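Start at 1 and go down the list; that is how both ligands and their atoms are numbered. The model shown is predicted, which means the values in this text are computed figures rather than measured ones.
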Amino acid sequence: MTSTKLTRRSLLATGTALAATAGLPRFAIGQGKKVKIGLMLPYSGTFAQLGENITFAVDLVLDEQGRKLGGREVEIVRLDDESNPAKGTENANRLVNRDEVDVLIGTVHSGVQMNIIQVVRDAGTLLIIPNAGNNAATRELCAPNIFRTSFTNWQPAYGMGKALATKGVKRAAFVTWDYAAGNEAAEGFSQAIREGGGQVVQVLKLPFPETNFQPLLAQIPGLNVEAVGSFFAGGGAVQFVKEYAAAGLKARVPLCGSGFLTEGTLGGQGAAADGIQTALHYGDGLNTPKDNAFREAFKKKANRDADVYAVQGYDAAQLLAAGMTAVKGDVGAKKEMIAAMAKATINSPRGSFTLSPSHNPVQDMYLREVKGGLNQVIGVAAKALADPGTGCKMG
Ligand code: PHB
């Protein structure tokens with residue numbers, strides 16, 4: 001005897017087909033059901049605060065939309081991925097294949113993201129990346145169901161390198177964690193320095209999420225460089241900036257980097273961060289009506305200041321809202337939903353942006369400088385910067 005397993009997904013699919021034959025709008029049968037959104041994010045470890053801020057900001061959009069997207073009520077399923085790539089596949093499978101989420105929002109860590117991508121490429125589940133910058137997600141592993149509202153690791157690092165090259169810097173070093181995000185940031189930074197006729201003479205690395213920085217810092221004075229670029233974030237960034245200053249390096253070789261170095265971390269870094277310049281697609285002092293309203297609302301919800309992670313989470317939910325609205329809540333109408341998302345203009349607190357053909361934001365990289373406990377925007381390091389999207393073939 002054969003038994004047919006009726007999953008939620010197959011029921012919905014059946015409902016969709018019946019409604020379509022009856023000439024009814026396709027969402028008619030499914031619309032009473034909640035749309036299920038999986039949040040796969042770090043809620044523990046060095047990136048915990050990043051995951052929390054993304055979560056608060058997603059909730060903020062739901063508040064703004066009356067707790068409904070495209071007319072459908074929403075159910076959120078959360079999972080702590082611990083920024084642990086070794087558990088990435090299992091965790092993604094839990095949400096996609098066991099919980100059968102309609103949409104997955106995640107994650108922060110580039111290594112974990114690679115596992116998520118494999119799972120959603122197989123299952124076809126809609127994915128919105130609210131932070132992780134692994135280039136491959138919107139280059140060779142791009143897919144119609146994969147979207148990103150953050151950046152590629154190349155983007156802010158290239159912006160920082162470009163700002164230095166414009167100033168005439170010819171010799172630089174780079175310090176980072178040895179994983180996709182750090183290595184890709186080092187590449188972007190080096191490319192821009194090279195384009196300005198200079199070179200990155202050394203890339204110093206330690207394993208993620210280690211913080212034994214002293215052996216690396218000890219090598220910097222001997223490198224004879226004009227600047228040190230870096231990629232660190234979260235708790236690790238707090239410690240790196242403090243140790244760089246404590247080692248007496250700050251006055252000798254300016255430290256700079258992808259803006260994550262000083263993002264959401266200034267409270268912990270204190271005076272050690274003063275004067276550090278970074279490049280990022282967000283910053284303090286934008287003073288636009290959209291950003292001011294967002295910051296006020298976020299503070300009210302999270303009881304702390306907004307940062308780039310909050311912005312990226314907010315925009316992930318805004319992008320989803322745009323897709324859900326276009327199909328009036330019928331998440332089964334995936335093709336139409338994807339088409340609407342791909343051509344959406346997102347009214348972001350960072351400034352409005354659109355997506356490149358590989359589904360990654362085309363956005364300004366601001367040049368920021370830490371002053372008075374803020375990442376003050378002091379210019380634009382790279383205007384409307386699009387990741388090259390090398391190797392992306394939307395199949
Ligand atoms: C990443 O792993 O891609 C990553 C993590 C934290 C950041 C930025 C990028 O702040």
Side-chain angles (χ1 to χ4, degrees), residues 40-55 57 81-88 105-117 127-139 141 146 148-160 174-189 205-211 229-241 257-266 268-269 273 276 278-283 306-313 315-316 350 360-361 363 365 368 375 387:
M40 179 163 161
L41 291 165
Y43 296 112
S44 59
T46 200
F47 292 158
Q49 188 175 308
L50 286 57
E52 287 163 14
N53 280 6
I54 291 165
T55 305
D81 69 29
E82 306 164 40
S83 294
N84 185 352
K87 295 187 188 167
I105 296 180
T107 190
V108 166
H109 183 284
S110 276
V112 179
Q113 195 69 57
M114 288 302 273
N115 297 321
I116 295 178
I117 285 168
L127 169 70
I128 305 177
I129 305 170
N131 184 71
N134 53 321
N135 292 342
T138 51
R139 291 191 186 177
L141 293 179
I146 298 175
R148 174 150 56 193
T149 55
S150 50
F151 56 91
T152 60
N153 291 317
W154 177 88
Q155 279 178 307
Y158 180 84
M160 188 65 237
F174 200 85
V175 191
T176 189
W177 279 313
D178 187 8
Y179 81 112
N183 293 324
E184 291 169 359
E187 281 164 26
F189 182 80
K205 303 185 206 181
L206 78 171
F208 175 88
E210 286 181 16
T211 53
S230 60
F231 169 85
F232 290 108
V238 172
Q239 200 174 326
F240 181 73
V241 165
S258 300
F260 313 110
L261 184 68
T262 54
E263 191 69 14
T265 55
L266 292 175
Q269 289 163 338
I276 292 181
T278 59
L280 200 64
H281 44 287
Y282 189 58
D307 57 13
V308 76
Y309 309 106
V311 170
Q312 295 166 171
D315 293 340
R350 75 187 86 171
N360 188 69
Q363 54 194 341
M365 288 294 140
R368 309 114 47 89
N375 285 293
D387 185 87

Determine whether Phe232 and Val175 make a side-chain contact, defined as any pair of heavy atoms from C-beta on separated by less than 4.5 Å. yes

Any Pro209 side-chain heavy atom under 4.5 Å of Phe47 side chain: no

Closest non-hydrogen protein atom to atom 3 (O) of ligand 1, residue and atom name please, with distance? Ser110 OG, 2.7 Å

Checking Thr278 now: which residues fulfil side-chain hydrogen bond (donor to acceptor under 3.5 Å, both in side chains) with it, not counting sequence neighbours? Arg368

Flag, side chain of Gln239 to backbone of Gly236, donor-acceptor distance under 3.5 Å: no

Which protein non-hydrogen atom lies closest to atom 10 (O) of ligand 1, naming both residue and atom, and how far is it? Tyr309 OH, 2.7 Å

Under 4.0 Å, heavy atoms only, figure out whether ligand 1 is touched by the backbone of Phe151, its side chain, both or neither. side chain

Side chain or backbone, does Asn134 bring an N or O within less than 3.5 Å of an N or O on ligand 1? no

Heavy-atom check, side chain of His109 versus side chain of Pro85, under 4.5 Å: yes

Would you compute the distance between atom CG of Asn135 and atom CH2 of Trp154 and round it to the nearest 0.5 angstrom? 9.0 Å

Considering the heavy atoms of Asn131, write down every atom of ligand 1 situated less than 4.0 Å from one of them. 4 (C), 5 (C), 6 (C), 7 (C), 8 (C), 9 (C)

Look at the side chain of Gln269 and the backbone N and O of Leu261, then say whether any donor-acceptor pair between them is shorter than 3.5 Å. yes

Short list, please: which atoms of ligand 1 are under 4.0 Å from a heavy atom of Ala233? 6 (C), 7 (C), 10 (O)

Taking distance alone, with N or O pairs closer than 3.5 Å, would you say Leu50 contacts ligand 1? no

Can a side-chain donor-acceptor contact be found between Asp178 and Asn183 if the only test is distance below 3.5 angstrom? yes

Based purely on interatomic distance, does His109 place a nitrogen or oxygen under 3.5 Å from a nitrogen or oxygen of ligand 1? no

Numbering the atoms of ligand 1 from 1, which are under 4.0 Å from a heavy atom of Ala181? 1 (C), 2 (O), 3 (O)

So which protein heavy atom does atom 4 (C) of ligand 1 come closest to, and at what separation? Val108 O, 3.4 Å

Go through ligand 1 atom by atom and flag the ones less than 4.0 Å from a non-hydrogen atom of Tyr179. 1 (C), 2 (O), 4 (C), 5 (C)

